[in-house]
Enquirer: 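This structure is in structure tokens; I'll ask about it shortly.
We name chains A, B, ... by the order of the sequence lines, and we start the count at 1 in each one. All values reported here derive from a predicted model rather than from experimental measurement.
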Amino acid sequence: MASAFPPVYSFPPLYTPQPNALIREQQVSTWIDIILQYCKSKDSWCMTFEGSVIDLSTLMIEIATQGIPKERESIFKNNDIQRAVPQSFMEEIWKKLVSDGKAISTDIKTKNSRTFYIFWKNVDSWASLILQWFETTTKLNQVVTVYELTQGDESIGWEFYGMPEPMMIHCLKPLLARNRATLMKDEMGKVVAIKVV
Amino acid sequence: MASAFPPVYSFPPLYTPQPNALIREQQVSTWIDIILQYCKSKDSWCMTFEGSVIDLSTLMIEIATQGIPKERESIFKNNDIQRAVPQSFMEEIWKKLVSDGKAISTDIKTKNSRTFYIFWKNVDSWASLILQWFETTTKLNQVVTVYELTQGDESIGWEFYGMPEPMMIHCLKPLLARNRATLMKDEMGKVVAIKVV
Amino acid sequence: MNSKQVPSLIVDRDKFYNKNIFIEEIAREIYEFATSEFKDEQQREGCVMISLVDLYAMYNKAMRIGVGFVSPLEMREACESFERLGLTKLKLTKINQRILCLGSDNALEIIKTKIVQIIEQFPGSHLLQISKKLNEYSQSDWTIGVITEVLQNCIDSGILVVDEQLTGILYYKNLFWHI
Amino acid sequence: MNHKKFGLAAFSNPNDKGYADIGSNVLNKQNDELNNQLQIFQKRLIEFAKKHNAEIKENPEFRSKFIRMCSIIGIDPLQLFDKDKHLFNVEDFYYEICVKIIEICRKTKDVNGGIISFDELLNIYFKDIRKINKEELEKSINMIKSLDGGFEIFEIRGIKFLRSVPNELTSDQTKILEICSILGYSSISLLKANLDWKTIRSRSVLKEMVSNGLLWVDEQAGNETLYWDPSYITRNMDTRNTHI
């Protein structure tokens with residue numbers, strides 16, 4: 001498991017916030033790289049504040065039934081070298097991830113959630129890829145449900161296959177901004193479908 | 001308390017030995033001024049290596065009873081700006097204080113002590129003042145005990161009032177050199193009295 | 001010699017069998033490259049300053065792939081011949097007797113002034129903060145080395161003093177001691 | 001994973017060596033595909049460069065476009081030209097190493113304070129670009145010296161290092177790096193045990209080195225703060241953990 005990480009992951013001081021400002025900046029960006037690569041390698045869209053990748057629906061069920069999610073393997077804990085990132089430093093890493101646009105709170109409206117969608121590709125790249133899907137599948141000018149786009153058979157093999165819907169909608173923003181996409185909402189205001197022109 | 005210090009005392013670089021040699025020299029003399037002024041304002045004759053002013057007898061008692069003196073406010077630690085002079089730099093400052101004759105080890109023979117008598121007036125000035133005292137009090141040509149000179153009623157109001165005896169004897173050196181003073185010792189070789197002509 | 005194509009920025013060493021001519025040609029090319037590469041800095045900051053080491057990497061990467069890299073020595077000789085060739089906007093200067101830089105007139109003084117201004121405004125800044133302030137509009141890594149040297153120069157001349165903390169070296173204007 | 005879906009974005013981060021994929025088949029497959037694509041692309045690029053050698057040489061505009069394309073897709077143009085099948089000029093070999101060394105030193109300076117071991121340069125940074133040996137590396141560094149940029153080679157316990165910042169190490173700093181070269185770290189008690197240093201001295205030198213970015217602090221080792229040498233990150237790298 002640890003071998004899937006870059007060598008710096010086994011470097012004990014990586015887990016202590018470095019006092020030297022120049023090093024600290026590098027250190028935070030090292031953590032960001034590690035998180036993005038990890039999520040990508042695990043085919044995961046979500047990570048908890050504590051650093052566990054997780055299927056969002058599983059998490060919901062755990063919280064609903066036990067009140068708290070169960071303990072999971074965390075990227076911030078390295079048992080091989082017995083080091084762990086302290087909470088305050090996690091805050092700092094998440095703050096930077098969010099401000100860099102590489103993570104957003106899963107509670108997109110309130111931004112209160114302690115779970116994050118992770119963008120191991122940036123939003124623009126996802127948007128281009130989605131556009132490419134519409135072109136390849138000749139779905140341009142057709143109404144396509146978000147479900148179809150993220151879970152449908154025609155998306156199998158595409159990198160965004162399985163992407164949670166709110167994240168997908170977030171990734172459509174660049175297309176909306178360029179007036180290439182229109183969103184369709186149901187009576188509750190929830191986005192259910194999309195048309196790309 | 002901090003307001004008793006000059007503005008430079010709140011200047012963070014004061015606490016780092018400056019790499020520029022010319023600046024460093026002035027920095028050390030700034031420290032010396034601060035130390036002398038501080039001792040004077042506190043009516044103190046002694047300072048520990050760590051920068052606390054102290055009544056020598058109190059210190060003796062602490063060392064005798066607890067083995068080490070208790071922690072005190074130190075001039076080298078500025079909590080307002082969270083800076084402290086590193087020990088190696090303290091060494092440098094003390095070295096200069098001693099070589100300038102502005103401090104001597106309280107252990108006058110071995111010079112081993114980590115406590116210093118501080119001369120916020122130089123030895124010659126003290127000597128003249130003492131001479132003046134002998135003249136004013138018309139004690140010339142009389143044998144006067146060191147106790148009388150430093151603690152006697154006739155010394156009240158004189159700047160050297162309360163000066164530790166070994167320090168006083170050190171201050172008499174210029175008078176001895178000019179053959180204006182003679183020391184009287186007890187059977188142990190300890191100076192107990194003095195005659196000034 | 002260099003006028004088959006217009007305008008030919010790229011010099012192909014295979015065409016030159018005479019070393020002096022080659023050095024002259026790359027001198028012009030380096031000069032033009034540096035001038036155009038740092039046009040923005042020149043306009044915005046009023047000066048250009050880059051260490052020869054960094055320029056060496058940039059110049060070869062940008063201009064010499066495919067025609068053959070120049071050697072460090074050739075680069076140095078070329079820069080040394082600027083004046084003789086009438087290329088006067090950029091000069092070789094050695095900062096702090098240790099780092100060779102290519103700079104425009106008074107570049108060191110101009111950058112010093114800027115850095116000291118920043119430090120006066122933000123006493124206790126460290127290298128990263130200073131370079132971010134200095135490069136507010138363009139984050140160019142190469143300047144870090146120059147900034148370090150300029151800071152060192154300010155310390156050597158007593159304009160700045162340091163506060164050594166674990167966060168790094170924090171810089172202050174020397175307000176209390178004579179230079 | 002759909003093959004067609006590897007757009008240019010897949011190449012977007014050239015410095016990312018990816019992770020060794022021992023535990024993850026998916027990642028393995030991904031990387032294989034990525035590497036295949038990369039190799040095919042590189043081959044094409046080299047073929048293209050050979051075919052259009054003359055144009056590239058003659059036409060500066062074309063050349064700068066060609067080089068820009070290389071960097072847009074995240075390929076260091078230097079990677080395309082290796083020692084044996086060099087496209088243009090064989091004697092440029094050392095000069096290209098010089099350029100690469102300078103770039104590596106600049107890129108890693110914030111992490112290592114400007115000090116990097118020969119081993120790290122050779123085994124980590126030059127590994128994927130070009131196979132070179134110690135002598136070639138040293139020869140190149142000596143060439144760089146004529147640029148007066150403060151580059152110096154020094155040795156600690158027989159291990160060669162390159163210093164790319166002009167601050168010479170003090171003898172105390174060197175001694176600490178010597179201790180670090182054994183265990184990876186140093187500490188006040190280690191310095192006491194090995195060099196008989198007093199706490200004050202150790203503390204002030206260690207602090208100075210952290211301040212200068214030469215050491216990283218580790219507060220999770222129990223009673224004592226450990227000060228790690230960043231060159232340890234790659235020193236013990238298992239070769240099977242890196243792919244070519």
Enquirer: Please flag which part of D:Lys109 lies under 4.5 Å from any non-hydrogen atom of chain C: side chain, backbone, both or neither.
Expert: side chain

Enquirer: So with a 6.0 Å cut-off around CZ of D:Arg203, is the heavy-atom count from everything else above 12?
Expert: no

Enquirer: For atom CD of D:Glu168, decide whether the heavy atoms of other residues, nucleotides or ligands shown that lie under 6.0 angstrom number more than 12.
Expert: no

Enquirer: Does CD belonging to D:Glu138 count more than 12 external heavy atoms closer than 6.0 Å?
Expert: yes

Enquirer: I'd like to know whether C:Arg98 forms a side-chain contact (heavy atoms from CB on, under 4.5 Å) with D:Asn167, so could you lay out the CA-CA distance, the side-chain angles of the two residues, the decisive distance to 0.1 Å, and finally the verdict.
Expert: CA-CA 10 Å; C:Arg98 58 184 198 187; D:Asn167 304 315; 3.5 Å; yes

Enquirer: Are C:Asp54 and D:Arg106 close enough for a salt bridge, meaning some N to O gap below 4.0 Å?
Expert: yes

Enquirer: Taking everything shown except C:Gln97 itself, do over 12 heavy atoms lie less than 6.0 Å from its CD?
Expert: no

Enquirer: Check the pair C:Val70 / D:Tyr95 against side-chain contact (heavy atoms from CB on, under 4.5 Å), numbers first and verdict last.
Expert: CA-CA 7 Å; C:Val70 303; D:Tyr95 311 156; 5.8 Å; no

Enquirer: From D:Cys98 SG over to C:Met75 CE, what is the distance, rounded to the nearest 0.5 angstrom?
Expert: 12.0 Å

Enquirer: Do D:Val165 and C:Thr148 have side chains that get closer than 4.5 Å, going by heavy atoms?
Expert: no

Enquirer: Most heavy-atom pairs under 4.5 angstrom with chain C, which of D:Gly149, D:Ser211, D:Gly114?
Expert: D:Ser211

Enquirer: Identify the heavy atoms of C:Ile99 and D:Gly150 that sit nearest to each other, and give their distance.
Expert: CD1-N, 3.8 Å

Enquirer: For D:Asp148 and C:Lys94: C-alpha separation, side-chain torsions, deciding distance, then whether salt bridge (Lys or Arg N to Asp or Glu O under 4.0 Å) applies.
Expert: CA-CA 9 Å; D:Asp148 278 353; C:Lys94 204 165 200 181; 2.9 Å; yes

Enquirer: Counting heavy-atom pairs under 4.5 Å to chain D, which of C:Asn60, C:Ile169, C:Leu170 comes out on top?
Expert: C:Ile169

Enquirer: Which of the residues C:Gln152, C:Glu164, C:Gln165, C:Glu149 is involved in the greatest number of heavy-atom pairs with chain D at under 4.5 angstrom?
Expert: C:Glu164

Enquirer: Would you say C:Arg76's side chain and D:Leu147's backbone share a donor-acceptor pair under 3.5 angstrom?
Expert: no

Enquirer: Would you give the length of the straight line joining atom CD1 of D:Ile102 to atom CG of C:Leu55, rounded to the nearest 0.5 angstrom?
Expert: 10.0 Å

